[in-house]
Undergrad: 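Quick one: the structure is below, questions incoming.
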Protein chains: 2
Amino acid sequence: MTSISPAPRPLFSELLPAEFTGNLSFLLARTRQDLAEEMDAVFDGDGLGIRHYAILSLLFRRGGLRQTDIAAVMSLDRTTTMKVMDELEGRGLLQRSRHSEDRRANAIDLTEAGRAWRERHMNRVLEQEQRFLSSLTPGERTLLQELLLKLVSGVHQRRNADHHED
Amino acid sequence: MTSISPAPRPLFSELLPAEFTGNLSFLLARTRQDLAEEMDAVFDGDGLGIRHYAILSLLFRRGGLRQTDIAAVMSLDRTTTMKVMDELEGRGLLQRSRHSEDRRANAIDLTEAGRAWRERHMNRVLEQEQRFLSSLTPGERTLLQELLLKLVSGVHQRRNADHHED
DNA sequence: TATTGTTATACTCTATAACTATA
DNA sequence: TATAGTTATAGAGTATAACAATA
């Protein structure tokens, strides 16, 4: 390297706060991507990821959902949901059966293996989340999740309202 | 089981808070996607989007960046950055010139058209952001951005530290 | 040897369109 | 007519590999 130190190479830490405070889209995209990359480490190897974990957690709390329900909550297309269901069913982590009240629909439930898989990954998921949040205080971590939840719920309510105006 | 009315179809607003509080990956992914969809409305028509706006804003505050600098800040691959630069240069919004201190590198600067484009879209970007944030109080909106900025900076510092350990 | 920009190529993710069986 | 699941296909976005110029 040079001794007299030429023009300083712009550093990430120098540019980021100055340029992007207020740029919510960037901050959200970057945060999501950073976390996604770190979450990959938890699941490395078996071809499943944090999305599969989230769906199994959803089914853990409430079984018998239709694929369209899962699609709505996860904000996925029907066909994308189909693919994810195939991946999970192919590994024996959930099962599709006939819905008792609508024979067009599937009723999706966890299998015992699915419950075990979720339980086996749960601690590492939570650890990785906390590691990702380590630059925030405990209070800030809770607050962040509350704010995000408010936003997601707010968007959903607003879109429902718009839809009912038709 | 239910009495008379058929089993209630699980509502988004019913499932979301119960199942996903604590699922940071889901909340971040969902929030980012919701905002991205709403931001599309601002740019509909010209093939550019919020990412282009962010890059032009970065260059507005600090010109003469290399493509690798932009790639680092935006967390993009070199080749992806290349494509985005082509899109912006093709519309005359930025220009590539020889870097004065490293002849391998490009120095990227806004053109006048680029400055105008950014200015023309700025108000609608900010409006859409505020609309997206409308379920939060003003204080919460500021706080959210601060928390996200802390997280992104924290991840960056941690990765740099890891890297220097090699 | 390593880095910058570039090109060509491959891969991943997701959505669109069309079909079937039910409602 | 509309909806749930399914399948095949196409598109967007991104990364990998290789090369030339320069450090």
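In what follows, every heavy atom counts, from backbone to side chain, and hydrogens, waters and symmetry copies are set aside. Per chain, numbering begins at 1; letters A, B, ... match sequence-line order. The shown structure was predicted, so the numbers you read here are calculated from the model rather than taken from an experiment.
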Undergrad: If you take the centroid of each ring, where Trp contributes its six-membered ring, are B/Trp117 and B/Phe43 closer together than 6.0 Å?
TA: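 Between B/Trp117 and B/Phe43, which both carry aromatic rings, the centre distance is below 6.0 Å.
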Undergrad: Looking at D/dA4, D/dT6, D/dT22, which one has an atom nearest to any side-chain atom of A/Ala105?
TA: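 Of D/dA4, D/dT6, D/dT22, D/dA4 is nearest to the side chain of A/Ala105.
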Undergrad: Using heavy-atom distances to pick each residue's nearest nucleotide on DNA chain C, tell me which of B/Asp102 and A/Asp77 is more 5'.
TA: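 Its nucleotide being nearer the 5' end, the pick is B/Asp102.
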Undergrad: Among B/Asp102, B/Asn106, B/Thr81, which residue meets the side chain to side chain donor-acceptor pair (under 3.5 Å) test with B/Arg66?
TA: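 Checked B/Asp102, B/Asn106, B/Thr81 against B/Arg66; only one passes side chain to side chain donor-acceptor pair (under 3.5 Å): B/Asp102.
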Undergrad: Could you check B/Glu37 against B/Ala107 and say which one's nearest nucleotide on DNA chain C is further toward the 5' end?
TA: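 Its nearest nucleotide being more 5', the pick is B/Ala107.
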Undergrad: Does A/Arg98 place a side-chain N or O at less than 4.0 Å from the phosphate oxygens OP1/OP2 of D/dA4?
TA: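 For D/dA4, OP1/OP2 do not have a side-chain N/O of A/Arg98 under 4.0 Å.
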Undergrad: Are the side chain of B/Glu146 and the backbone of B/Leu143 linked by a donor-acceptor contact shorter than 3.5 Å?
TA: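 Between the backbone of B/Leu143 and the side chain of B/Glu146 there is no qualifying donor-acceptor contact (under 3.5 Å).
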Undergrad: For A/Arg78 and C/dT16, is the shortest distance between a side-chain N/O and OP1 or OP2 below 4.0 Å?
TA: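 For C/dT16, OP1/OP2 do not have a side-chain N/O of A/Arg78 under 4.0 Å.
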Undergrad: Send over the distance from B/Arg96 CZ to C/dT4 P, rounded to a whole Å.
TA: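 After rounding, the reported distance stands at 15 Å.
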Undergrad: Rounded to the nearest Å, what distance is computed from the CG atom of residue B/Leu88 to the P atom of nucleotide C/dG5?
TA: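 Computing the B/Leu88:CG to C/dG5:P distance gives 15 Å.
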Undergrad: B/Asp40 has an atom CG; how far is it from atom P of D/dG13, in whole Å?
TA: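 One finds 9 Å between P of D/dG13 and CG of B/Asp40, rounded.
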Undergrad: Between the base of D/dT6 and the side chain of A/Thr79, is there any donor-acceptor pair under 3.5 Å?
TA: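 Counting by modelled atom types and ignoring angles, no donor-acceptor contact under 3.5 Å is found here.
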Undergrad: Would you mind telling me which residue lines up with the more 5' stretch of DNA chain D, B/Lys83 or A/Thr68, judged by nearest nucleotide?
TA: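 Nearer the 5' end of the strand: A/Thr68.
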Undergrad: Atom CZ of A/Arg30 and atom C1' of D/dT14: how far apart are they, to the nearest Å?
TA: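 So the two atoms are 15 Å apart, to the nearest Å.
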Undergrad: How close or far is atom P of D/dA4 from atom CG of A/Asp86, stated in whole angstroms?
TA: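 Distance check: A/Asp86 CG to D/dA4 P gives 18 Å.
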Undergrad: What integer distance in Å separates A/Asn106:CG from C/dT22:P?
TA: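 Computing the A/Asn106:CG to C/dT22:P distance gives 12 Å.
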Undergrad: Report yes if at least one side-chain N or O of B/Arg103 is closer than 4.0 Å to OP1 or OP2 of D/dT22; otherwise report no.
TA: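 Checking B/Arg103 against D/dT22: at least one side-chain N or O falls below 4.0 Å of OP1 or OP2.
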Undergrad: Kindly work out whether a path of hydrophobic side-chain contacts (I/L/V/M/F/W/Y, heavy atoms less than 4.5 Å apart) joins B/Leu56 to B/Met82.
TA: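 No: no chain of side-chain contacts under 4.5 Å links B/Leu56 to B/Met82.
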Undergrad: Decide yes or no, distance alone: a donor-acceptor N/O pair under 3.5 angstrom between the base of C/dT4 and the side-chain of B/Arg66.
TA: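 Checked by distance alone, the answer is no.
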Undergrad: Take atom CD1 of B/Ile70 and atom P of C/dT6, then tell me their distance rounded to the nearest Å.
TA: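 From B/Ile70 CD1 to C/dT6 P: 11 Å.
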Undergrad: Between A/Leu24 and B/Leu144, is any pair of side-chain heavy atoms under 4.5 Å apart?
TA: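 They are in side-chain contact.
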Undergrad: On the nucleotide C/dT3, are OP1 or OP2 found under 4.0 Å from the side-chain N or O atoms that B/Gln67 carries?
TA: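 False: B/Gln67 side-chain N/O out of range (4.0 Å or more) of C/dT3 OP1/OP2.
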Undergrad: Find which nucleotide of DNA chain D each of A/Met82 and B/Thr80 is nearest to by heavy atoms, and output the residue with the more 5' nucleotide.
TA: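 With A/Met82 and B/Thr80 compared, the 5'-side residue is A/Met82.
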Undergrad: At under 4.0 Å, does any side-chain N or O of B/Arg104 touch on OP1 or OP2 of D/dA20?
TA: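 False: B/Arg104 side-chain N/O out of range (4.0 Å or more) of D/dA20 OP1/OP2.
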Undergrad: Send over the distance from B/Met85 CE to C/dT7 P, rounded to a whole Å.
TA: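 Going from CE in B/Met85 over to P in C/dT7 covers 14 Å.
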